[in-house]
Every structure is written in structure tokens, then in C-alpha cells.
Amino acid sequence: MNCQQTPGGLLVTGITDFSLPETLDCGQCFRWQRLESGAYRGSAYGKSLTVSMDEKGLLLQGAAEEDFQALWRSYFDLDLDYNKIRGALANKDPILKEAAAFAPGIRILNQEPFETLCSFIISQNNNIPRIKGIIERLCLLFERETGSADRFPTAEMLACRREEDLAPLRAGWRAAYLLDAAQKVAGGEIDLERIKALPMPEARAELMRIKGVGPKVAECVLLYGLHRLEAFPMDVWMKRAMATLFPEKSVLDFGPYAGIAQQYIFHYSRLHPELFR
DNA sequence: GCCCAGGTATAAA
DNA sequence: TTTATACATGGG
């Protein structure tokens, strides 16, 4: 991997197995916006970015090389060998191999844990366009406090609001869940960084102490927010896909990279709905 | 109007 | 432990 400043921005070369649309539009994050040009605009950890990719490499606009090294390199998970992982997963099952080959540029982002927790609380019994809308309104609601509508509010900021303060979000009953999550995180009752290092059963149990966090949301937070790649979110789509793809298996064990396998299968099944009836 | 959306809390069997 | 239902919004 190599970096150089160009007139268009910071150009990073030597990146393989990475696709912006496959990574940013596969249901793991909700705050990246696709521009007309095909570039994506978004932010994380207080930094904004416009990013695009072509045959020359990955182009970061509005980022210094220090930001790339200290943040975006890790955010986009560019140091993990996805080619190797995909190969290992492909050896487990031919259909998994096909699903992986369909979107080989998917990577699991290193998103902000609290934002991810809130995002997947909002995601329950909800559709992606509306999830995005609620999160956008949440960032706007706290714009004055955070200093930018690009930033996600902290747990402390959210924790000192009341449910009626969140009415502008139009999040329905999920507003109360968001407050409970914020209060537990801000109060130290839930320590996301500690959960990140906990054995999976304990990590799941900790997260599920938050109101509105059940097995599915907990698994999503572990995978997408805490980068526990062995986590395996199981929703109705995945259940159907698994029943179709692996009818003989009752218990599935894809090993330490199950979450990546899940993401390949989820993406594949969403874009080939006719195969999963 | 009706159905559904990357579910969960709650009560009842 | 498993199953049924309500839950608020809004887009198709």
C-alpha cells in the first residue's frame, strides 16, 4: 500500500479486494452518501471524507496522509487479507464460494461503537431508507452540540435528553431504546470497549441488557461496531438463505470469520431474491 | 386502505 | 422454553 498527494487528493495505491459500493451499500452502515460521480461522502470519528476509487487506486479528498494512516486505513479495514479469508471460506462450501465471488470487495468497517449500537437499535422492524432518515435527523438534532451535522452525538449528549425531545426523529418506540442505550453507556454501566474484548457469550449478554437490544441487534453491534468477525447476525432473510443454501445443516460454524461469510451471503441473497423462496 | 421493513418486550401457554 | 401480539412510522 502506497500513498501520494495528487491534485485530486490523497491517492492510495496497491489496495485489492475492496469495493466502495459493495462495502458501503451492503447494510452495515447508514451514513455514507453516494454522489453523482460515484464517489461517497461520509464521516467517522469526527472526520469527514469524500472517497472514490478507480483503476489508479483509492482517492481520498479532504484527508491528510496522517488521517489515512491513523483513521481511514483502519476504518476501511485495509490491513486484513480478505483474499485469504475469502479463499478459506470458499473451501468450506461451493455456494458460499459463489456468494463470496459475487461481491469480493466487501469489507467489514471499523465503525464507531456507540453509533453502531444506535443505528441497529433504530434498524429493528424498519427499512433502510427510513433508518437512514432517522439517523440523519438524529445528527441534525445534535448539530449545535457536536459542531457538525456530519458527527454522531455522543452517549453523554443523548443521555441528558428526554423521550419527547427525540420526537423530531420520528423513530417511534425506538426513541426510548436509544435513551436507555445512551444512559447505560454514558453512566459506565455498559462499557463498549470492554465488551469488544469479552468472550462472545458474555459480550452478547452484556449488550442485551440494553432495552431494545435482542439477539439480532447484539450480533450486528458485535460485528459492525466492535469488529468481532465471528459474530453472525441472523435475520429472517438469513434464515431463509441458510435454509436454501444449507438445507442439511442445522448448526452452522463458519469459524472466526463467520461474520464475513454472513455478509457475503446476505448481499448475495438480497440481490438474487428469486433463488431464495 | 394494506403490507412490510436487517426485531424486541411482554404476556401467556 | 416456545409462541403470539403490539409496537411508530412511512414507502410501495
Side-chain angles (χ1 to χ4, degrees), chain A residues 21-32 99 102-103 106-109 111 113 115-141 161-184 190 201 203-245 250-252 254 258-273 275-277:
Chain A
E22 287 171 16
T23 297
L24 299 178
D25 197 27
C26 66
Q28 66 172 313
C29 58
F30 303 97
R31 240 152 46 80
W32 285 90
F102 179 71
I106 289 179
R107 283 173 186 256
I108 307 295
L109 299 169
Q111 300 187 70
E115 172 179 346
T116 309
L117 171 60
C118 293
S119 297
F120 283 91
I121 284 173
I122 291 166
S123 81
Q124 65 179 254
N125 194 230
N126 214 340
N127 56 63
I128 289 178
R130 201 166 84 95
I131 295 166
K132 288 183 172 173
I134 293 170
I135 293 173
E136 194 177 330
R137 291 191 288 277
L138 179 58
C139 292
L140 274 171
L141 188 63
R161 302 295 182 109
R162 299 161 308 168
E163 196 174 335
E164 54 261 42
D165 299 326
L166 301 187
L169 303 184
R170 288 171 284 152
W173 75 86
R174 303 169 192 85
Y177 296 163
L178 288 175
L179 288 185
D180 187 63
Q183 287 158 9
K184 287 192 164 86
I190 292 284
R204 289 187 183 103
E206 272 296 294
L207 287 169
M208 286 172 60
R209 291 170 51 214
I210 299 166
K211 283 181 205 153
V213 177
K216 167 60 171 39
V217 171
E219 217 66 8
C220 288
V221 173
L222 283 164
L223 180 57
Y224 305 126
L226 302 177
H227 215 256
R228 295 293 295 266
L229 300 180
E230 69 269 50
F232 198 91
M234 184 67 92
D235 67 348
V236 287
W237 268 92
M238 278 307 292
K239 280 180 188 156
R240 192 185 312 163
M242 299 308 277
T244 306
L245 298 177
S250 55
V251 179
L252 293 148
F254 288 131
I260 297 176
Q262 189 273 357
Q263 202 61 7
Y264 289 141
I265 294 168
F266 180 74
H267 192 71
Y268 186 70
S269 68
R270 290 301 291 235
L271 294 179
H272 296 278
L275 297 178
F276 303 93
R277 286 297 166 203

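As a basis for the values below, the full set of heavy atoms in this structure was taken, side chains included, without hydrogen atoms, waters or symmetry mates. Proteins get letters first, then strands, A, B, ... in listed order; numbering begins at 1 in each.
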Enquirer: So A/Ile134, base contact, sugar-phosphate only, or nothing? Heavy-atom distance under 4.0 Å.
Expert: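 If one applies the 4.0 Å heavy-atom cut-off, A/Ile134 turns out to touch nothing in the nucleic acid.
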Enquirer: Would you check if the side chain of A/Gln28 reaches a backbone N or O of A/Leu223 as a donor-acceptor pair within less than 3.5 Å?
Expert: no
Enquirer: Considering only heavy atoms, which members of residues 203-213 of chain A lie under 4.0 Å from some atom of DNA chain B?
Expert: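 Under 4.0 Å from DNA chain B: A/Ile210, A/Lys211, A/Gly212, A/Val213.
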Enquirer: Pairing donors with acceptors under 3.5 angstrom, does anything connect the side chains of A/Tyr224 and A/Gln263?
Expert: yes
Enquirer: Before you tell me yes or no, could you show the steps for A/Gln111 and A/His227 under side-chain contact (heavy atoms from CB on, under 4.5 Å), namely the whole-Å CA-CA distance, both residues' side-chain angles and the distance that decides it to 0.1 Å?
Expert: CA-CA 8 Å; A/Gln111 300 187 70; A/His227 215 256; over 6 Å; no
Enquirer: Among pairs that include at least one residue of residues 219-231 of chain A, which meet salt bridge (Lys or Arg N to Asp or Glu O under 4.0 Å), considering only residues two or more places apart or in two chains?
Expert: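 Sorted pair list: A/Arg204-A/Glu219, A/Arg228-A/Glu230.
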Enquirer: Donor-acceptor pair, A/Thr23 side chain versus A/Arg107 backbone, under 3.5 Å?
Expert: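 Yes; judged by distance alone, with no hydrogens or angles, the pair exists.
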Enquirer: By the salt bridge (Lys or Arg N to Asp or Glu O under 4.0 Å) test, which pairs, at least two apart or in different chains, include something from residues 170-184 of chain A?
Expert: A/Asp180-A/Lys184
Enquirer: Pick base, sugar-phosphate or nothing for A/Gln262, based on heavy-atom distances below 4.0 Å to the nucleic acid.
Expert: base
Enquirer: Using the C1' atoms only, state how far B/dC4 lies from C/dA8, rounded to an integer number of Å.
Expert: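 Going atom to atom, C1' in each nucleotide, I get 14 Å.
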Enquirer: Ring-plane angle category for A/His272 and A/Phe102, please: parallel below 30°, perpendicular beyond 60°, tilted otherwise.
Expert: perpendicular
Enquirer: Of all nucleotides in DNA chain B with an atom under 4.0 Å from a non-hydrogen atom of chain A, which is the first and which the last going 5' to 3'?
Expert: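 Result: B/dA5 to B/dA9.
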Enquirer: For the pair A/Tyr177 and A/Trp173, name the ring-plane relationship: parallel under 30°, tilted 30 to 60°, perpendicular over 60°.
Expert: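 Perpendicular: the ring planes of A/Tyr177 and A/Trp173 meet at over 60°.
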Enquirer: Show me the pairs that pass salt bridge (Lys or Arg N to Asp or Glu O under 4.0 Å) and involve residues 120-141 of chain A, at least two apart or across chains.
Expert: none
Enquirer: Rounding to an integer number of angstrom, what distance separates C/dT2 and B/dG6 when you compare their C1' atoms?
Expert: 23 Å
Enquirer: Look only at the side chain of A/Glu163 and the backbone of A/Ala175, and say whether a donor-acceptor pair between them is shorter than 3.5 Å.
Expert: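 Looks like no, no N/O pair under 3.5 Å.
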Enquirer: Is the backbone of A/Glu22 close enough, under 3.5 Å, to the side chain of A/Asp25 for a donor and an acceptor to pair up by distance?
Expert: no
Enquirer: When the P atoms of B/dC2 and C/dA6 are compared, how many Å lie between them, rounded to an integer?
Expert: 15 Å
Enquirer: What string of B, S and - do you get for nucleotides 5-12 of chain C, 5' to 3', if B is base contact, S is sugar-phosphate-only contact and - is no contact with any protein heavy atom under 4.0 Å?
Expert: --BBBB--
Enquirer: Over all strands shown, is A/Phe30 touching base, sugar-phosphate only, or nothing at heavy-atom distances under 4.0 angstrom?
Expert: nothing
